[in-house]
There are 2 protein chains.
Amino acid sequence: MDTRSLAVFISVADTLSFSRSSEQLHMSVSAVSRTIQRLEEELGQALLVRDNRSVRLTGAGQEFREYARRSVAEWQQMRRQLGTDKELAGEVSLYCSVTATYSVLAPILEAFRTTHPAVEIMMHTGDQADGISRVLSGQDDIAVSGRPLRLPQRLEFLPLLESPLCLWMPAADCAVRQLALSARVDSPEFDWSTLPFIVPERGITKDILDAWLRDSGIRPRVYAQVAGHEAIVAMVGLGLGVGIAPELVVRASGLGASVQPMTVADSLPPLAIGLASLRRRLQNPLVKSLWDVAGQTYRAPV
Amino acid sequence: MDTRSLAVFISVADTLSFSRSSEQLHMSVSAVSRTIQRLEEELGQALLVRDNRSVRLTGAGQEFREYARRSVAEWQQMRRQLGTDKELAGEVSLYCSVTATYSVLAPILEAFRTTHPAVEIMMHTGDQADGISRVLSGQDDIAVSGRPLRLPQRLEFLPLLESPLCLWMPAADCAVRQLALSARVDSPEFDWSTLPFIVPERGITKDILDAWLRDSGIRPRVYAQVAGHEAIVAMVGLGLGVGIAPELVVRASGLGASVQPMTVADSLPPLAIGLASLRRRLQNPLVKSLWDVAGQTYRAPV
DNA sequence: TCAGGCCTTGCGTAAAACGCTATATGAGAG
DNA sequence: CTCTCATATAGCGTTTTACGCAAGGCCTGA
């Protein structure tokens with residue numbers, strides 16, 4: 001018996017519906033079904049009567065529901081008690097891009113510092129594209145990252161904000177800018193093959209860009225593959241080509257004057273930026289507390 | 001969190017030793033170690049202080065120990081309550097050989113019938129050799145079987161009694177008997193290659209016999225491979241050869257007069273007979289109750 | 001009678017747990 | 001002082017468990 005099973009049962013007992021519970025619990029209907037089956041097998045008693053149309057509690061189910069509520073409550077109380085018993089202290093390791101450090105993270109860390117002064121943040125910065133893999137490999141507890149197109153089950157993602165994803169061209173007059181302006185970029189006839197592209201080497205934005213290019217039928221001329229949005233923006237600013245980056249990065253980079261957004265026919269989807277962490281690591285109260293503070297910091301204003 | 005982890009922690013907190021607990025809990029030391037680590041990670045608190053020589057509880061550990069005891073107790077009480085609330089009813093499926101039906105099972109079922117009259121036994125009989133695989137494949141809840149030489153982790157085995165494993169020869173005068181008596185069977189010079197052997201087709205006794213033959217350096221002349229001890233005894237009784245069977249089967253077969261045990265130099269190891277079931281299935285109280293009754297039935301007299 | 005909602009089941013895959021073995025560290029014997 | 005023994009942890013491959021998807025069965029209401 002584990003608390004997870006109890007939570008599933010409580011949910012089903014409340015909603016009296018496997019399908020509604022499955023949504024509530026973010027799991028498939030079959031997983032809910034089997035969890036209840038396991039419980040019933042372990043107890044040797046039917047807890048729920050399902051007659052293909054409705055679900056209702058058996059006598060045993062009602063008793064067990066009381067128990068389950070109590071048990072989960074006691075468990076959570078114990079967790080809190082042990083947590084508050086001793087002030088949370090320790091290390092949380094964080095991975096993010098340079099830009100994210102002050103644009104996304106600053107308000108979170110400011111709030112966190114006041115609520116958990118004894119927790120040390122070990123921050124690693126680098127290409128945002130590596131965040132997910134660093135979390136998956138256990139190198140860092142939490143990463144600031146865009147939402148992956150397909151996120152592994154063991155990964156939890158907490159969306160914090162969105163930033164439009166744009167194509168950028170140099171603001172200063174130069175050959176690339178001339179090319180980019182030579183025709184209506186958003187017209188189907190635009191000849192992309194002459195325009196040098198600066199694309200991300202890897203990571204979420206690369207995936208999004210690839211998908212977008214494919215869908216739009218564009219075969220770009222790749223001038224450079226670069227690690228890190230900041231470097232892309234810098235290269236665009238220098239007139240080396242056009243490139244992709246979230247608006248947030250451009251604004252934060254201080255290079256906002258040297259690049260300009262291009263308007264294109266099929267606009268790129270906005271990038272969902274947030275925290276990523278292994279479910280497993282989130283069981284650690286230290287990690288969880290930073291996670292929660294981040295969620296509150298960005299949810300409260302909205 | 002699950003009750004298993006709590007039980008592990010309670011044990012370690014009691015013994016103050018990972019290794020002693022690992023024996024007590026029938027699991028490896030590393031599994032114990034990791035279970036504690038998982039708990040500590042989930043709670044974000046050290047529960048035990050290990051200094052490579054001794055183990056002692058932290059403050060949080062002492063608190064948590066109280067909680068763990070309470071929680072496990074409440075869980076077990078709930079199980080019992082639901083169990084007694086409604087009388088146990090349902091089906092338990094059982095596999096055994098014909099002989100086992102009345103020699104091993106009869107006293108168990110007699111006791112079980114009186115304590116759990118509402119539980120129906122669905123019994124399947126057949127070659128004892130198939131019991132383990134039928135349990136492993138989920139066809140039956142419990143099988144009466146000899147203890148396998150190597151038992152899979154997911155299988156639980158409850159030894160009930162032992163029966164000497166013997167070689168048997170025909171009691172009536174016949175060619176085979178002459179051969180078997182022609183020389184001291186237990187002398188190293190005995191020529192096994194002339195003596196027709198009736199061996200089990202598969203199963204535990206086949207494994208034991210194979211190992212014994214190999215160790216004794218005997219290369220038998222196999223006359224027939226037969227499914228089921230009963231058939232082996234019958235064939236031996238008809239003078240077709242010598243064969244292996246537990247004494248129990250011979251006594252129960254009613255053919256005790258038509259076969260005689262052979263004394264051999266390296267005696268065969270006695271066969272441990274008992275119940276086999278998947279750990280998983282034993283979580284079902286119905287199955288568990290039959291299991292327990294069997295254990296008591298055979299332990300009480302001893 | 002058909003469509004649609006609802007739970008269960010089979011199957012392939014992903015995650016978790018375990019055991020074995022190696023490693024590190026300290027205690028006690030020679 | 002070294003060697004051995006005992007104890008907990010870490011790496012690695014394997015087993016076991018849990019999950020999601022898709023198919024299936026069953027009932028209800030149109």
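Being a predicted model, the structure only gives us computed values, none of them experimental. Each chain gets a letter, A, B and so on, in the order the sequences are listed, and its residues count up from 1. Heavy atoms only: backbone and side chains are in, while hydrogens, waters and symmetry mates are out.
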Taking only residues two or more places apart in sequence, or in another chain, which ones meet [X] in a side chain to side chain contact (heavy atoms under 4.5 Å, CB included)?
X        : answer
B/Arg279 : B/Glu156
A/Ala227 : A/Asp127, A/Glu201, A/Arg202
B/Val135 : B/Ala143, B/Leu155, B/Leu278
B/Leu213 : B/Leu209, B/Ile218, B/Pro220

B/Gln37 vs B/Ser33, side chain to side chain donor-acceptor pair (under 3.5 Å): CA-CA, chis, key distance, verdict: CA-CA 6 Å; B/Gln37 285 175 31; B/Ser33 174; 3.2 Å; yes

Phosphate OP1/OP2 of D/dA8 contacted by B/Ser19 side-chain N/O (<4.0 Å): yes

Verdict with supporting geometry, A/Glu40 and A/Arg50, salt bridge (Lys or Arg N to Asp or Glu O under 4.0 Å): CA-CA 13 Å; A/Glu40 292 181 326; A/Arg50 304 76 128 172; 2.9 Å; yes

Donor-acceptor contact below 3.5 Å, side chain B/Thr58 vs main chain B/Leu47: yes

Sidechain-backbone polar pair: B/Ser22 side chain, B/Ser19 backbone, donor-acceptor under 3.5 Å: yes

Expressed in angstrom and rounded to an integer, what is the separation of [X] atom [atom1] from [N] atom [atom2]?
X        : N      : atom1 : atom2 : result
A/Gln153 : D/dC19 : CD    : C1'   : 6 Å
A/Arg154 : C/dT13 : CZ    : P     : 17 Å
A/Arg4   : D/dA18 : CZ    : P     : 12 Å
B/Leu155 : D/dT16 : CG    : C1'   : 14 Å
A/Met1   : D/dT17 : CE    : C1'   : 17 Å
B/Leu48  : D/dT9  : CG    : C1'   : 14 Å
B/Phe18  : C/dA24 : CZ    : P     : 20 Å
A/Gln283 : C/dA17 : CD    : C1'   : 14 Å

Members of residues 22-39 of chain A that approach DNA chain D, where some heavy atom sits under 4.0 Å away: A/Met27, A/Ser28, A/Ser30, A/Ala31, A/Arg34, A/Thr35, A/Arg38

Nucleotide nearest B/Arg280 (side chain, heavy atoms from C-beta), chosen from D/dT9, D/dT15, D/dA18: D/dA18

Upstream residue (5' side of DNA chain D) when B/Pro152 and B/Leu16 are each assigned their closest nucleotide: B/Leu16

Base versus backbone protein contacts along nucleotides 23-30 of chain D [heavy-atom cut-off under 4.0 Å; B, S, -]: --BS-S--

Sugar-phosphate only, base, or nothing, as touched by B/Ser17 at under 4.0 Å among non-hydrogen atoms: sugar-phosphate

Aromatic plane relationship, B/Phe64 with B/Tyr67 - under 30° parallel, 30 to 60° tilted, over 60° perpendicular: tilted

